[in-house]
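All remarks here apply to the structure that follows.
Residue numbers count from 1 along this sequence.
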Amino acid sequence: MERLLVSFNWVVGTLALVIGLGWPFINVKMVIPAIRSEAEGTIKLLANAEQELHESRRPFAVFVESALPDELAHRVSLPSGNRYDYEAFINEKGYLVLRAYVKPPEVLKGRVIPGVYEFVMDSGGAIADGRWLGLSGSQRSLF
């Protein structure tokens, strides 16, 4: 009986050690990109809807804190229970900037790291690529 208990403790301890040492790598390489894909996908849907509006000779629709205007609300539905707030505004160059940023309660709960995804469309409605903005001057790494 004692041998079985000792073997069980070794297995449990080894698994805990492997998970503890491997979690930072798993988190950075698998979990965070999966969570961020939610924001990237929604921004792409919003960008396509904005482009359709612009092609029909309407101005870009601007909004704050995920309060979509009527012309976008019937084209795009935001994910329910999402971790991000969305906004759209016109910058000083006349380009449309779509942003997704993590809601503060989600950061406080420890579910998501803070971040802002920015997608810029030129005044002609051409779609450009988005990028994640750093919230500090430091580069995020495993440790």
Side-chain angles (χ1 to χ4, degrees), residues 4-143:
L4 182 63
L5 190 58
V6 169
S7 298
F8 180 74
N9 284 337
W10 271 101
V11 169
V12 170
T14 303
L15 284 175
L17 185 63
V18 167
I19 291 171
L21 292 175
W23 178 251
F25 179 78
I26 293 168
N27 192 32
V28 169
K29 296 295 182 185
M30 296 171 63
V31 175
I32 292 173
I35 292 171
R36 285 183 165 182
S37 67
E38 175 187 334
E40 294 170 7
T42 304
I43 288 289
K44 290 210 186 269
L45 290 174
L46 287 168
N48 289 335
E50 290 276 10
Q51 187 179 29
E52 289 174 12
L53 281 176
H54 193 68
E55 287 174 355
S56 64
R57 303 284 183 229
R58 293 184 186 165
F60 289 124
V62 296
F63 57 93
V64 292
E65 294 184 11
S66 302
L68 295 179
D70 291 337
E71 59 263 17
L72 284 180
H74 73 276
R75 295 173 189 248
V76 177
S77 61
L78 297 178
S80 60
N82 62 352
R83 298 175 176 103
Y84 297 92
D85 272 331
Y86 300 92
E87 69 179 4
F89 61 92
I90 307 293
N91 67 7
E92 65 277 352
K93 294 180 182 178
Y95 295 174
L96 176 70
V97 179
L98 296 165
R99 280 192 183 158
Y101 52 93
V102 179
K103 293 179 178 179
E106 294 293 321
V107 175
L108 292 175
K109 291 176 187 172
R111 295 181 184 163
V112 185
I113 61 170
V116 176
Y117 183 68
E118 183 177 82
F119 195 88
V120 180
M121 296 173 61
D122 68 12
S123 56
I127 293 182
D129 284 330
R131 63 188 175 112
W132 282 96
L133 302 176
L135 297 179
S136 69
S138 63
Q139 185 74 5
R140 184 165 175 83
S141 62
L142 285 177
F143 298 103

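With sequence neighbours excluded, the residues forming a side chain to side chain contact (heavy atoms under 4.5 Å, CB included) with L45 are V76, listed by chain and number. Under the ring-ring contact (aromatic ring centres under 6.0 Å, His included) criterion, Y117 pairs with W132, not counting sequence neighbours. The salt bridge (Lys or Arg N to Asp or Glu O under 4.0 Å) test applied to E40 returns no partner, not counting sequence neighbours. Residues that satisfy the side chain to side chain contact (heavy atoms under 4.5 Å, CB included) test with V97, not counting sequence neighbours, are F89, N91, R99, E118, V120.
The backbone N or O of A100 sits nowhere less than 3.5 Å from a side-chain atom of E87 that would complete a donor-acceptor pair. Between the T42 side chain and the A39 main chain, no donor and acceptor come within less than 3.5 Å of each other.
When all heavy atoms are compared, the tightest approach of Y84 to E38 is CD1-OE2, 4.0 Å. Residues E50 and A88 approach most closely at OE2-CB, 4.2 Å, considering heavy atoms.
I90 has its side chain within reach of F60: a pair of non-hydrogen atoms, C-beta onward, lies under 4.5 Å apart. Residues Q51 and M121 are in side-chain contact: their nearest non-hydrogen atoms beyond the backbone lie under 4.5 Å apart. At least one side-chain heavy atom of V107 sits under 4.5 Å from a side-chain heavy atom of P114.
Residue pairs meeting the ring-ring contact (aromatic ring centres under 6.0 Å, His included) criterion with at least one partner in residues 93-112, sequence neighbours excluded, do not occur; the list is empty.
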Quiz: residues 4-24 side-chain donor-acceptor pairs under 3.5 angstrom, not counting sequence neighbours:
{"residue": "S7", "atom": "OG", "partner": "R3", "partner atom": "O", "Å": "2.9"}
{"residue": "N9", "atom": "ND2", "partner": "L5", "partner atom": "O", "Å": "3.4"}
{"residue": "T14", "atom": "OG1", "partner": "W10", "partner atom": "O", "Å": "2.7"}

